[in-house]
Amino acid sequence: MISEIGFVFLTLTLVISSFSFAQLIYSHINSRLFVLNHLKITNLIFFFTLSSFISLTYSFLISDFSLNVVAQNSNSQLPTIYKFTGVWGNHEGSILLWLLVMTFFGFLFSKNSSATKEFKNNVLKIQNSLCFLVVSFIIFTSNPFEKSFPYPIEGGDLNPLLQDPGLAIHPPFLYLGYVGFSIIYSISVAALSDGVKNYFIKILKPWVFISWIFLTCGIGLGSWWAYYELGWGGFWFWDPVENASLLPWLTASALLHTIVVADKKKIFINWTIILSILTFILSLLGTFLVRSGVLVSVHAFANDPTRGVYILLLLASISFFGIFKYINKNIQLRRVDITLISREGMISLNNIFMLSLTFTILVGTIYPLFASVLFNSKISVGAPFFNSILMPVMFPFIAGMIIGPYTKWGKDDLIVLLNRIKILILCFFIISLLVWYLNYKTPILSIIFIALGCWIVFSSLFEVLQFINKKIRVPKKIFAQITAHIGIGLLIIGATGSSILKQEKIQFQEVGQSLKIKNFDVEFLGVKKIEGPNYISQMGVFSIKKQGEQIKILRPEKRFYNAGKQVTTEAAIHSSIFGDLYIAIGDVHEDKTKWTTRIWFNPFTIWIWIGVFFLASGGSLSFINSLSRK
Amino acid sequence: MKYFLFCFFFFCIYILYEGLQKDPNLVPSNLISKEIPEFSIESLQGTNFTNVDLENKGVVILNFFASWCPPCKIEHPQLLQLSNIVPIFGIAKKNKKKDLLPWLEELGSPYEVIGMDPNGLQSINWGVYGLPETFIIQDGLVKYRHVGPIMERDLEIFKNLTKKK
C-alpha cells in the first residue's frame, strides 16, 4: 500500500515538473505564452519526491519483498541500519536519491533570498526541467516501485561490501556533490539568458562551495572505504569510476578559485560560466560511465543498455542545451590583461593546470572506449599512465600554490615577492635537508614530494605567522584558504608515503610464526571462527610487537555472507601518525597449518584522511563566509 | 568555430553511443579465424593429446582450467551442460594429477580428453592470460574466445556458436 503511494508521488513529480520543462522548451518559440510560478513547482516536486523516497525507505525497513528492489537488495536478517542504507545500495533507489538531492537543492535555492524573483524563477525553470529528465528516467527505465508476483519470502541480501558504515554514507555525500552542480549549471544557464549580469556571481558562490565540500567528502569517504574494506592495501586505483568523480572535482576546484577573482575583480565572468557548465557535464559523464558499463571497472554496478542509452540522451541534451545557450548568446571572451606575477595571474595558472589535469585524466579514462569504437582495438589505461602524467604537472602546480597566496592583486614584482618570502625560502631549505636526512635511503621521488608537501604546509603556516606578526586577526577568507592548502600539503605527504614508500609482504604464514616489517614484529597467533548477525567470519589473530613489547592485537577477517554466498575481506589496521600497519588474511594452505597473510606498512596514510578533513573544513569556512557576506 | 564545436560534440556522443553497444569485457584473440597452434602434450590418461585431436571433428570446445582456480569451479556446471551438445577438451594449467583427479571425481568431468600443461607453456602459446578461458574451434580454426568463467547467461552464445550447421 505504502509503496503504491510512493509511486503515485513519483508520477506526480513527473507531471508537475513537466510544466517547467514544457515552458523551457516552449519559451524558445514563444516567450510570453504562459507564465508559471516555478518556485511553487519546485516546492511541490521536492515534497512529492521526499514522500516517495520516504515510502521506499519504509518498504525497505519493513522488508516488503513484493517490491523487486527490496527483494533483490535486502534481507530480513539484515541489521536495521543496513536495511535503511540499502535504499541507495542499488541502482533504482540511488537514482531516486539523486532526484531527491536535485529537488532539495532546488528547494533550498527557492528559499535563497539574495536573488531577484525573476532570476529565481528562471533558475528554477531549468532546475525543474533537469528534475523532469531524471524522474522520467526513473519511471521509464528504473522504477524502484516495480512489483513482482508471486513475491519471494526472503530477500537476496545487500551486497556485503556495501554493509559497511563507510559505504553507507559515501554515496549520499557523493550525490550531494555531483547533484549540487546541477544548481550551478541552472544558475549559469539562467545567467546567460539574463545577459550575464555580474550579480549572479554572488548568487553562485555559496553553491559552488557547498557542492565542492560534499564532493570532497564523498571522494574521501569512498577512498577510505576502499582502503580498509577491499583489503588491497591502497586508497586510489585510477579506476574509471574513481576518475569519473575526480574530473568534476578538479573543474569545481578550478571554479572555486576563479569565482573568487570573478567576485572581486569582475573579470573571468564568462570563464566562470564555462567552468560551471563543464563541471555539471562532467558529473553527468561520470554517471554515464559508471552506470552504463561501457568501461571495465572494479565497481560492478547493475548495468543495462537501455538505461545507458537514456543516460546518454540525458547527457547529450543537457550538455547541448548548455553549450547552445552559451554560443547563442554570442559572448566574446573579453581580453583581460593580467600579469603572471599577481594574484589573478596565479589563479589563472591554477586553472590552466587544473584543466590540463582534467583533460588528461579524461582522455586516459575514455580512451579505451574511443579506441574500441574507432580502431576496434582493446587497450587499457592503468595507474602508470596517470601517475606519470600527474607528476610533471604537480611541480608547477605546487610552486603556484606556495607563491600564489603571497602575491598581490593587480601587479606584483617577482623580486619584491621573493624578498617578502625570503625567510620562508630559507625554511624550505632547512625542511628539505631535514626530510632528506630522515629519509635518505628512500627513493628520491618520495623525498621530493614529501618535502614539497611540507613546503605547502609550512608556507601556509607562515601566512598565519605574518598576520600574527602584524597583530592583525587572520581574515576568515584567508584562513579558509590556508586550511584547504594545508589539506593539500598533507594529502601529498600521505599519498606519497602510501604509494612510493609502501612496504608489502605476502606469504604463507604458519601459526606462531613471527615476521618483521618496518619496526614491528607481527606474530600470527591463529584463526578463530566468529559468527556475526548474517555472516560467518574467519578471524586471524595477530600480535603486534614493537621492541619485544606487545602494543596491539590485530584481527583481520574474511567474512562469508550467508544469503549472497559472497566473501569479503576486512583488513585490520593499526594507525599511527607515521604509518599504518595493515593486515589482510587470505585462504588456508593445503596442509592446514599455514595461511596466506598480506602485511603492509603504509607510511603516512592517516595524513590523507586528515588532509581531506582539512580540505573540507577550508571549504566549509569559505562557504560560511560567502553566506555571511551577502 | 561554432560548427566545429557542435560537430565535435556530436562526434563524442556518437562514440559514447557506439561504445554502449560493445561489451568491454570481451577480449578478442589474435587466433580468431586462424589455425590452432600445434601442440603435443601428455593427457591425464597418459596418452598423447595433439592439435590433430581438435581438428577434423567439426565444432569443439577447448577449455583452459585448473583445480586450483575457484572461478573454474563456478563455470563447471555450465561446462557439464554444454558437454551434452558439443565435445569439450580441457587443458589443465600447472596442475598435478593428484590434485586434479579428486577435483574431477567430486564435480564430474565434462571433458573428452584433458591435456596436462605442467609448466604453462601451452597456455602461453594460446595467449591465455588467466583462468578459465575457453575457445570454440571449428574445423581446426579458432572461432571464438571467452575470457573468464562461462556463466549461466553466456550459455546462449555458446549454444548458438556450437550449433551444427
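This structure is a prediction, so every number in the text was calculated from the model and none was measured. In what follows, chains are A, B, ... by sequence order, proteins preceding strands, each numbered from 1.
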Name every donor-acceptor pair, under 3.5 Å, that has one atom in a side chain of residues 110-119 of chain B and the other anywhere in the protein, sequence neighbours excluded.
residue	atom	partner	partner atom	Å
Tyr111(B)	OH	Asn63(B)	OD1	2.8
Asp117(B)	OD1	Gly120(B)	N	3.3
Asp117(B)	OD1	Leu121(B)	N	3.1
Asp117(B)	OD1	Gln122(B)	N	3.1
Asp117(B)	OD2	Gln122(B)	N	3.3
Asp117(B)	OD2	Ser123(B)	N	3.1
Asp117(B)	OD2	Ser123(B)	OG	2.9
Asn119(B)	OD1	Leu121(B)	N	3.3

side-chain contact (heavy atoms from CB on, under 4.5 Å) against Leu250(A), all qualifying residues, sequence neighbours excluded: Leu246(A), Met354(A), Leu357(A), Thr358(A), Ile361(A)
Check: Phe135(B) ring centroid to Trp126(B) ring centroid under 6.0 Å: yes
Parallel, tilted or perpendicular, as decided by the 30° and 60° cut-offs, for the rings of Phe324(A) and Phe320(A): parallel
Sorted by number, residues from residues 365-375 of chain A in contact with chain B (heavy atoms, under 4.5 Å): Leu369(A), Phe370(A), Ser372(A), Val373(A), Leu374(A)
Pairs flagged by side chain to side chain donor-acceptor pair (under 3.5 Å) wherever residues 88-98 of chain B is involved - sequence neighbours left out: Glu42(B)-Lys97(B), Ser67(B)-Asn95(B)
Heavy-atom pairs under 4.5 Å with chain B, option from Ile323(A), Leu315(A), Leu313(A), Leu312(A) with the top count: Leu312(A)
More than 12 heavy atoms from other groups under 6.0 Å of CD on Gln45(B): yes
Check: Thr279(A)/Thr251(A) side-chain N/O donor and acceptor closer than 3.5 Å: yes
Residue Tyr17(B) versus chain A: region with a heavy atom under 4.5 Å: both
Part of Phe288(A) within contact of chain B (heavy atom distance under 4.5 Å): side chain
